2 protein chains.
Amino acid sequence: MAQSDTVDRILDAAEELFAERGFSETSLRMITSKAKVNLAAVNYHFGSKNALIHAVFGRFLTPFSATLEKAFDELEVRCDGKPPTLNQTLWVLTESAVRMPQRNEKGISIFMRLLGLAYTQSQGHLRKFLEQEYSEPFSRFMRLLKEATPQLSAVDRYWRIQFMLGATAFTMSSSDALQDILRNKLGVDTTVQEIAARLVPFLAAGMQAQDAVLTPPAESKIPVA
Amino acid sequence: MAQSDTVDRILDAAEELFAERGFSETSLRMITSKAKVNLAAVNYHFGSKNALIHAVFGRFLTPFSATLEKAFDELEVRCDGKPPTLNQTLWVLTESAVRMPQRNEKGISIFMRLLGLAYTQSQGHLRKFLEQEYSEPFSRFMRLLKEATPQLSAVDRYWRIQFMLGATAFTMSSSDALQDILRNKLGVDTTVQEIAARLVPFLAAGMQAQDAVLTPPAESKIPVA
DNA sequence: ATGTGCTTCAAACGTATGTTTCAAACAGAC
DNA sequence: GTCTGTTTGAAACATACGTTTGAAGCACAT
């Protein structure tokens, strides 16, 4: 019943509410009442709302980035000098995410949704924090992607990485809602692992698509750009 | 200098600020001072901030959905009974977006960013508004997608559509920030048309990827699911 | 038991928000 | 010119926010 209890309760509540409603739309009063702690506790333990946001990210991103580093190490050993393939790189990433110890069954989906929000909501402080805190595993992943797709120009690769990020963050972040739809419409149940198994081939195929042409296909009558 | 001037000035300012900063992060005072109109004008002309948001979307989405309907009509005529290909369908969509008459050079990027935000920010009222206002062109697009990918199972197709939506919404919703990075890192400038031209082949390739396998590639040692 | 350092608590702070009010300004019809 | 309905304007409204305050509570070493 020491400090840690309050701190963790705040982090749990904040994580869930941020993922559900976004950062600006979640007030400290919502967080503290969900966490059943006093309003002032946030500023006492974290200093400010922005610092709380950083702490929420740090709590899952720090262990994840450690797991990822180890997984990349193993992968490179296994490949024995040769650059890993795109499929291998993507699988290592998803497996690291999926295999992270979760606080509850919603863990992965919250994790993904928060990452998506971080990218999407233009919270300057957050982007700066993430960039300077986790630049290493990020750039290592980028390097692996680069080596796995030597046929792509830097610009093409850059945009396709954004497309991958988008498909992943978006899908995982709304996977709860999407699974509901799927259950109702198609009567199927899907685990996060199965979604990942569908996602990786999609991403790999997109990454390895023929070089983008800058005009529409010949059948189209309307010229573009 | 009639009413319409004030209304349009508000819509212009709101559109730009919403796209830049999101909905909750944009106050009516920011909007009215950018539009150089009185604060009360928003509530007088629109009724509420939420109604203003709806009006902003309606102003570009209504003509867009009309353009899209016509483009789909043309496409189906051109195809003469045969279902349009996936590439054709996707191109018709992007071309309709790109060719919309723009209010200024930032038009398309604002348009896309707003759509991305609409999907991403969980503003309940907005999603409800869009769903009941523009359900027709949306389900028509879905039908075309279905006919263009008969080889996919309903579940596979469902998920891959989510992946497409995600890649698109995510990329477009952060495209300004991404373009900044690109400009700084690679010294390249990119138009929305070019992004779309890169996105479509990525999406098409992903949609047509080999059927998803539900286990990772053999090289991987770590079992999944 | 007493004092000490950390933690909790209720209350208040100042600021910003969306919205309302009501008088003034305006345009067009008579 | 006067009346009428619409639009603007400055000011205030109530509410919600993040943050600060200072007293009370607590565990624990002395």
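Keep in mind that what you see is a predicted model, and the values were worked out from it rather than measured. Chain letters run A, B, ... following the sequence lines, proteins first and then strands; every chain starts at 1.
Across all strands, A:T26 comes closer than 4.0 Å only to sugar-phosphate atoms, never to a base (heavy-atom distances). Across all strands, B:T32 comes closer than 4.0 Å to no nucleic acid atom at all (heavy-atom distances).
Contacts of A:R157 classified as salt bridge (charged side-chain N to carboxylate O under 4.0 Å, His left out), with partners at least two apart in sequence or in another chain: none. Partners of B:L144 according to the side chain to side chain contact (heavy atoms under 4.5 Å, CB included) rule, which considers only residues two or more places apart in sequence or in another chain, are B:F72, B:E76, B:P84, B:T89, B:E147.
Computed from coordinates, the B:I10 CD1 to D:dT8 P distance equals 8 Å when rounded to whole Å. With rounding to whole Å, B:L17 atom CG is found 12 Å from C:dG18 atom P. The interatomic distance linking B:E25 (CD) with C:dT17 (P) rounds to 12 Å, in whole Å. The distance between atom CG of A:N38 and atom C1' of D:dG22, rounded to the nearest whole Å, is 13 Å. Between the CZ atom of A:F23 and the P atom of D:dC17 there is a distance of 17 Å, rounded to whole Å. Rounded to whole Å, the distance from CG on B:L28 to C1' on D:dA12 is 16 Å. The CZ atom of A:R21 sits 13 Å away from the C1' atom of D:dC17 (whole-angstrom rounding). Rounded to whole angstrom, the span from the CG atom of B:N43 across to the P atom of D:dG9 amounts to 15 Å.
Here C:dT21 is the nucleotide among D:dT19, C:dT21, C:dG18 with the atom lying nearest to any side-chain atom of B:A40. When each of D:dT7, C:dC6, C:dA11 is scored by its nearest atom to the side-chain atoms of A:Y44, the top-ranked nucleotide is C:dC6. Listed candidates were D:dA12, C:dC9, C:dC6. Nearest to the side chain of B:R29 is D:dA12. Here the side chain of A:L39 is nearest to one of D:dA12, C:dT17, C:dA11, namely C:dA11.
Of all the residues in residues 47-55 of chain B, not one reaches under 4.0 Å from DNA chain D with any non-hydrogen atom.
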- [ ] Take B:Q162 and A:T171 through the test side-chain hydrogen bond (donor to acceptor under 3.5 Å, both in side chains) and record every step on the way to the result.
- [x] CA-CA 6 Å; B:Q162 300 301 335; A:T171 305; over 6 Å; no
Task: Audit row: A:T6, A:Y44, side-chain hydrogen bond (donor to acceptor under 3.5 Å, both in side chains) steps and yes/no - done: CA-CA 11 Å; A:T6 300; A:Y44 175 76; over 6 Å; no
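When ring centroids are compared, A:F111 and A:F60 come within the 6.0 Å threshold.
B:H45 has a side-chain polar atom (N or O) that falls below the 4.0 Å cut-off from OP1 or OP2 of D:dT8. Side-chain N/O atoms of B:S27 include none lying less than 4.0 angstrom from OP1 or OP2 on C:dA16. The side chain of B:T6 contributes no N or O atom lying less than 4.0 Å from OP1 or OP2 of D:dT7.
In this structure, OG1 in A:T168 is found 4.5 Å from CG in A:L199, a value given to the nearest 0.5 Å.
Residue-environment remark: CD (B:E136) stays at or below the threshold of 12 foreign heavy atoms within 6.0 Å.
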